[in-house]
Amino acid sequence: ASESVTTEANRKNEYVTGGTVSGNTITNFASSGISVNSGSTLTEISGNNISSGKGAALYISSSTITGGVTGNTISDVTDVSSKNLGHGIYVTASTLTGALSDNRITNCTGYGINISAKSTTGDISLNTIDTVKGDGLYISSSTIGGVIDANEISNVLKYSSTMAYAGNGIYITASACKKAIQKNTLRACACFGVSVSAKSTTVSINSNTIDNVKGDGIYISGATVSGTIKGNTISNVGKYSSKLTYAGNGIYITAGKCTKAIQSNSIQNCTGFGMCVSSKSTVAAISSNTIDNVKGDGLYISGSTVKGLISGNTITNVKKYSSTNTYAGNGLYITGSTCKKAVQSNTIKSCACFGITVSSSSKVPSITSNTITSVKGCGIYITNSTVSGSISKNKITTVKKYGANFAGEGIYVTSNATAKTITSNTIKKCSDYAILNYARQSGLKITGNKFSGNKKKIYVNGTGTVQKK
């Protein structure tokens, strides 16, 4: 057929109720391939082949689909008079009680799938979206009642060079996702892999594969993840703008919440932080993540609260993102933040700056059983902050000089910091002191530490029980 299919009978107030639209071949349409609008109700839209037209290939407005939108093949859709259309599937102010699944969408100048204006859907799954502009899957001011699962989205471009945040794989804004975002594959996106923003909520973000995106792999801004961010594989994340210093993070949470663990994610080859939690965010445990070959810091926590353990993370090959940023390149950097539980059992290796930094009025209960190897400046650096419990059982090896102020200390506590108990650490091959504690405080307990191959052993300014130098 060379004309579009519409459920408006003769363009009058006679609307279809019930029935299906399936098996049609539609080409060369001027505004939409299939249009379901103005209070219509259908059972199903499936198995249609829609190509080479303008507007939206499948347009559902102010209507209800009681079954699914499945198995449609859509290609080569362009805009109409610069109205930012050209979408594959466009659902606005409508209800889809079944699944939106198994659709194949390619070569659109707009979004692959656009769900907006208080729409409601079931599962969004097993869709293939390739070579679109704007976003692959765009959800705005709507509710997704099912999972967003196993979609493959690739080659997502910006529809305009002036749109800073266009080109996302999955973009969710001011919306509620009642179940998980999981097992999606997102590749070659001009902006974020998964973005959840503007007071949106989702249950969890798990087991997604995100590769070759710009901006951030997973971006949570002013939104809440009520479950976990777990088991995601994120690689090759770059900047979406050369003007942005910090872009290119693996996982970035700003003014957001994750009420359960950020756990078992694999992050590598990022031009920014491996993981960043900032701007009054609150997260649970950060555990068992693997971060390799990133710039800035491996794990950066700023002005936020971590309620659970920071434990079992492996952070390696952390570089500076800029030669002008003096203290970039840390394994774990905590600034202006509160950690409710320990920093423990992390492995940090080959960092351009410190292994672990705690700064700017941060509070940490203890730093224990971490392994830190081949870093610069300090293995563990505490400044203007409090470690209320112990710094203990850490293994620190090969710390070299960094700049003019850090000669290569194993553990360094500045004069404005509090860290009274430093025990049972093994510190080797430091270019300066194994332990340097400038804080003028009483009640020190610096005992049971083992030293080997350090230039100097211990310097303290305070009083208490201090092992022999």
Side-chain angles (χ1 to χ4, degrees), residues 135 164-173 181 184 186 189-202 204-206 208-225 228-241 243-259 261-263 265-284 286 289-306 310 313 315 318-319 321-322 325 328-337:
D135 298 310
Y165 301 112
N168 304 281
I170 298 174
Y171 189 91
I172 300 167
T173 180
I181 301 169
N184 301 284
L186 312 168
C189 300
C191 199
F192 309 131
V194 175
S195 174
V196 185
S197 65
K199 299 183 180 180
S200 292
T201 59
T202 187
S204 59
I205 303 174
N206 294 341
N208 300 283
T209 298
I210 301 170
D211 178 61
N212 190 21
V213 301
K214 294 183 179 180
D216 301 307
I218 296 174
Y219 177 67
I220 311 296
S221 176
T224 298
V225 180
T228 58
I229 300 175
K230 181 179 179 181
N232 299 285
T233 300
I234 301 170
S235 57
N236 301 313
V237 183
K239 295 181 180 182
Y240 56 82
S241 170
K243 297 178 181 180
L244 295 171
T245 303
Y246 304 107
N249 308 293
I251 297 174
Y252 185 16
I253 302 174
T254 177
K257 295 180 180 179
C258 180
T259 60
I262 303 172
Q263 180 180 356
N265 299 286
S266 175
I267 300 169
Q268 63 179 340
N269 301 333
C270 299
T271 62
F273 304 124
M275 192 181 300
C276 175
V277 179
S278 68
S279 302
K280 299 183 179 180
S281 292
T282 300
V283 302
I286 302 174
N289 300 285
T290 300
I291 298 171
D292 179 62
N293 194 27
V294 299
K295 293 182 179 179
D297 298 309
L299 172 55
Y300 177 79
I301 302 168
S302 174
S304 297
T305 300
V306 181
I310 300 175
N313 301 288
I315 301 171
V318 183
K319 304 174 179 65
Y321 49 78
S322 169
N325 289 92
N330 303 275
L332 168 58
Y333 192 96
I334 301 168
T335 179
S337 297

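Along the sequence shown, residues carry numbers from 1.
- Under the side chain to side chain contact (heavy atoms under 4.5 Å, CB included) criterion, A190 pairs with K158, sequence neighbours left out.
- In this view, K319 and N293 satisfy the side chain to side chain donor-acceptor pair (under 3.5 Å) rule, not counting sequence neighbours.
- The shortest heavy-atom contact between G250 and I267 is CA-CG2, 3.9 Å.
- Nearest approach of G248 to C270, heavy atoms of both residues: O-CB, 3.1 Å.
- In this structure, the salt bridge (Lys or Arg N to Asp or Glu O under 4.0 Å) partners of D211, at least two apart in sequence or on a different chain, are R187.
- Each side chain to side chain donor-acceptor pair (under 3.5 Å) pair with one or both residues in residues 295-304, not counting sequence neighbours, appears once here: D297-N330.
- In this structure, N232 CG and I218 CD1 are separated by 4.0 Å, a value rounded to the nearest 0.5 Å.
- For T173 against S200, the heavy-atom pair with the smallest separation is C-OG, 3.2 Å.
- A search for side chain to side chain donor-acceptor pair (under 3.5 Å) contacts involving T228 returns N206, not counting sequence neighbours.
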Check against side-chain contact (heavy atoms from CB on, under 4.5 Å), N208 and I170: CA-CA 11 Å; N208 300 283; I170 298 174; 5.7 Å; no
Under 3.5 Å donor-acceptor pairs involving side-chain atoms of residues 275-284, not counting sequence neighbours:
residue : atom : partner : partner atom : Å
S279    : OG   : T254    : OG1          : 3.4
S281    : OG   : I253    : O            : 3.4
S281    : OG   : A255    : N            : 2.9
S281    : OG   : G256    : N            : 3.0
S281    : OG   : S278    : O            : 2.7

side-chain contact (heavy atoms from CB on, under 4.5 Å) assessment of I310 paired with I301: CA-CA 11 Å; I310 300 175; I301 302 168; 3.6 Å; yes
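- Contact annotation: the side chain of I181 approaches that of I172 to within less than 4.5 Å [non-hydrogen atoms, C-beta and beyond].
- N289 places no side-chain N or O within donor-acceptor distance of the main-chain N or O of N313, the cut-off being under 3.5 Å.
- Just one of V225, N265, I262 meets the side chain to side chain contact (heavy atoms under 4.5 Å, CB included) condition when paired with I205; it is V225.
- Here L186 contributes atom CG and I210 contributes atom CD1; the two are 5.5 Å apart, rounded to the nearest 0.5 Å.
- For Y252, the ring-ring contact (aromatic ring centres under 6.0 Å, His included) test picks out Y219, with sequence neighbours left out.
- Residues passing the side chain to side chain contact (heavy atoms under 4.5 Å, CB included) test with T201, sequence neighbours excluded: A176, T224.
- Residues S337 and G303 come closest through the heavy atom pair OG-N, 2.9 Å.
- Taking every heavy atom of both residues into account, I315 and G331 meet most closely at CD1-O, 3.5 Å.
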